Amino acid sequence: MLAIPCSILILILIVAQPGIDPEASPEQRAIAYLAQEVPRWRSENGCASCHHNGDGAHALFRASLLGFDVPQESLADSVQWLLQPADWDKNGGQGTFNDQRLARIQFARSLAGAVDAGLVEERRSALTLAADQLAADQEPDGSWPIDGPDSLGTPATYGSTLTTFIAREVLSNTDPDRYRSSIAAADRWLLARPIRTTLDASVSLLHQHATDPDELPDRARQALDLLDRSQAPEGGWGPYETSPPEVFDTALAVLALARTSSKAHPEDLLRGRSYLVATQLPSGGWPETTRPSGNESDAQHFSTTAWATLALLATRDGSRNRGPSSLSKR
């Protein structure tokens, strides 16, 4: 029996995928995949999801902002849903494992991305209502915790440190004066967090860029050192220093390194991007990152794919991206 080289087999699989151009860049393949999948979820499942209408749509809005060709029909349903923050808690996915606070954070982030991309004409009404909901969800200590048994949280790709940073960014980009006290409380909480994981280090660097991008204090150096020593030979990162690399953790680290003002570790950034390119599936998506690792989850597949897409968009020129934030436009 004739053996087919792996590289040829992968090319055959790519060609077999409808709508996927084998000559397209990794970013274009990811966008094409999300553009197919994001609008399908609500029509087929009867609910708006934080992984499709939240994470996936946000990645498409970001791509549109950066000038990529994103079919408008792939965004229309998400935009319609996101413009109704009062209905977000009635998304059709209510149940035991539905974390409404997390969903509101993801939908608000996606709505902010639609506004930044110029796809929503009226900024104030919907986005301010969404931000008001986030401010009301904030804990007295300044955080936005989510349900979950471990430090990385559930769903797998989110933890309280990341949700707090995202919520803080939504408030800051909506109206920094209106939400001044909430933003300050979030800053205090984030600065007090220990840096023990890839997520901790990545969020610390993203937060440092959002507050003072021209300085590299000791906390940012600590975060950079953790990412430097925990990068796997393959170029990716796992959740902890000795963990095997996974797509979500790598995507978050790449986003953080792409935003940091330090030029100390450019090779880490390029190796991280290479890992994401190498692990991209023929479909244009990525294998899901789950906690514990190795599980199957459609939700985490699309969430992981969205974060990996953001990381590729942030490094699309093969180097540091100095454009607007990959989480939200400043």
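Below, all heavy atoms of this structure are taken into account, side chains as well, without hydrogens, waters or symmetry copies. Quick caveat, the model's predicted, so the values are computed rather than measured.
Taking the ring-ring contact (aromatic ring centres under 6.0 Å, His included) definition, one finds that H207 meets it with nothing, sequence neighbours left out. Under the ring-ring contact (aromatic ring centres under 6.0 Å, His included) criterion, W189 pairs with no residue, sequence neighbours left out. Residues satisfying the salt bridge (Lys or Arg N to Asp or Glu O under 4.0 Å) test with R188, not counting sequence neighbours, are none. For R178, the salt bridge (Lys or Arg N to Asp or Glu O under 4.0 Å) partners are D132, not counting sequence neighbours. Residues satisfying the side chain to side chain contact (heavy atoms under 4.5 Å, CB included) criterion with A57, sequence neighbours excluded, are V38, F61, S78, S110. P39 pairs by the side chain to side chain contact (heavy atoms under 4.5 Å, CB included) definition with S74, not counting sequence neighbours. For the salt bridge (Lys or Arg N to Asp or Glu O under 4.0 Å) test, residues two or more places apart in sequence or in another chain that qualify with E139 are R101. In this structure D228 satisfies the side chain to side chain contact (heavy atoms under 4.5 Å, CB included) test together with H265, D268, sequence neighbours excluded. A search for salt bridge (Lys or Arg N to Asp or Glu O under 4.0 Å) contacts involving E246 returns R291, not counting sequence neighbours.
Between the S274 side chain and the L270 main chain, a donor and an acceptor come within less than 3.5 Å of each other. Side chain of R273 to main chain of T315: a donor-acceptor pair is present (N/O by atom type, distance under 3.5 Å, no hydrogens or angles). The closest donor-acceptor contact from the side chain of Y179 to the backbone of L134 lies at 3.5 Å or more, if one exists at all. Side-chain atoms of T304 never come within 3.5 Å of backbone atoms of F248 as a donor-acceptor pair (strictly under, hydrogens ignored). The backbone N or O of Y240 sits nowhere less than 3.5 Å from a side-chain atom of T197 that would complete a donor-acceptor pair. Between the side chain of D141 and the main chain of S143, a donor-acceptor pair closer than 3.5 Å is present. Looking at S172, its side chain never comes within 3.5 Å of a backbone N or O of R168 through a donor-acceptor pair.
Of all heavy-atom pairs spanning R109 and I166, the tightest one is CD-CG2, 3.4 Å. Minimum interatomic distance between E37 and H52 (heavy atoms only, all atoms of both residues): O-CD2, 3.3 Å. Considering all non-hydrogen atoms of both residues, A30 and T309 come closest at CB-OG1, 3.4 Å. Considering every non-hydrogen atom in both L312 and E27, the closest pair reads O-OE2, 3.3 Å. The heavy-atom pair separating S202 from L227 by the smallest distance is OG-CD2, 4.1 Å. Shortest non-hydrogen contact noted between L276 and W286 is O-NE1, 2.8 Å.
Between W88 and F107, the ring-plane angle classifies as tilted under the 30° and 60° cut-offs. Ring geometry for H301 against Y33 counts as perpendicular: the plane angle is over 60°, on a 0 to 90° scale with 30° as the lower cut.
Counting only heavy atoms from C-beta outward, the side chains of D55 and F302 never approach each other to under 4.5 Å.
The list of salt bridge (Lys or Arg N to Asp or Glu O under 4.0 Å) pairs with a residue in residues 298-311, not counting sequence neighbours, is empty. Annotation: salt bridge (Lys or Arg N to Asp or Glu O under 4.0 Å) contacts involving residues 234-244, sequence neighbours excluded, comprise R229-E241.
Test V203, L102, D137 against T163 for side-chain contact (heavy atoms from CB on, under 4.5 Å) and you get one pass: L102. The side-chain hydrogen bond (donor to acceptor under 3.5 Å, both in side chains) with S25 is formed by just one residue from the set R29, Q28, E23; it is Q28.
Within a 6.0 Å sphere centred on CD of E44, heavy atoms belonging to other residues, nucleotides or ligands number more than 12.
Rounding to the nearest 0.5 angstrom, the gap separating the OG atom in S283 from the CD atom in Q36 is 9.0 Å. Here CG of L226 is found 9.5 Å from CG of L205. Values are rounded to the nearest 0.5 Å. Separating the CD1 atom in I146 from the CD atom in Q100 is a distance of 14.0 Å, to the nearest 0.5 Å. One finds the OG1 atom of T305 at 11.0 Å from the CG atom of L310 (value rounded to the nearest 0.5 Å). Rounding to the nearest 0.5 Å gives a distance of 4.0 Å between CD1 of I195 and CZ of R219.
D89 and R104 are joined by a salt bridge, as a carboxylate oxygen and a charged side-chain nitrogen come within less than 4.0 angstrom of each other.
No side-chain donor-acceptor contact under 3.5 Å links S297 and N295.
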Let me have the donor-acceptor pairs involving side chains of residues 64-73, under 3.5 Å, with sequence neighbours excluded, atom names and distances please.
from : atom 1 : to  : atom 2 : distance (Å)
Q72  : NE2    : V70 : O      : 3.2

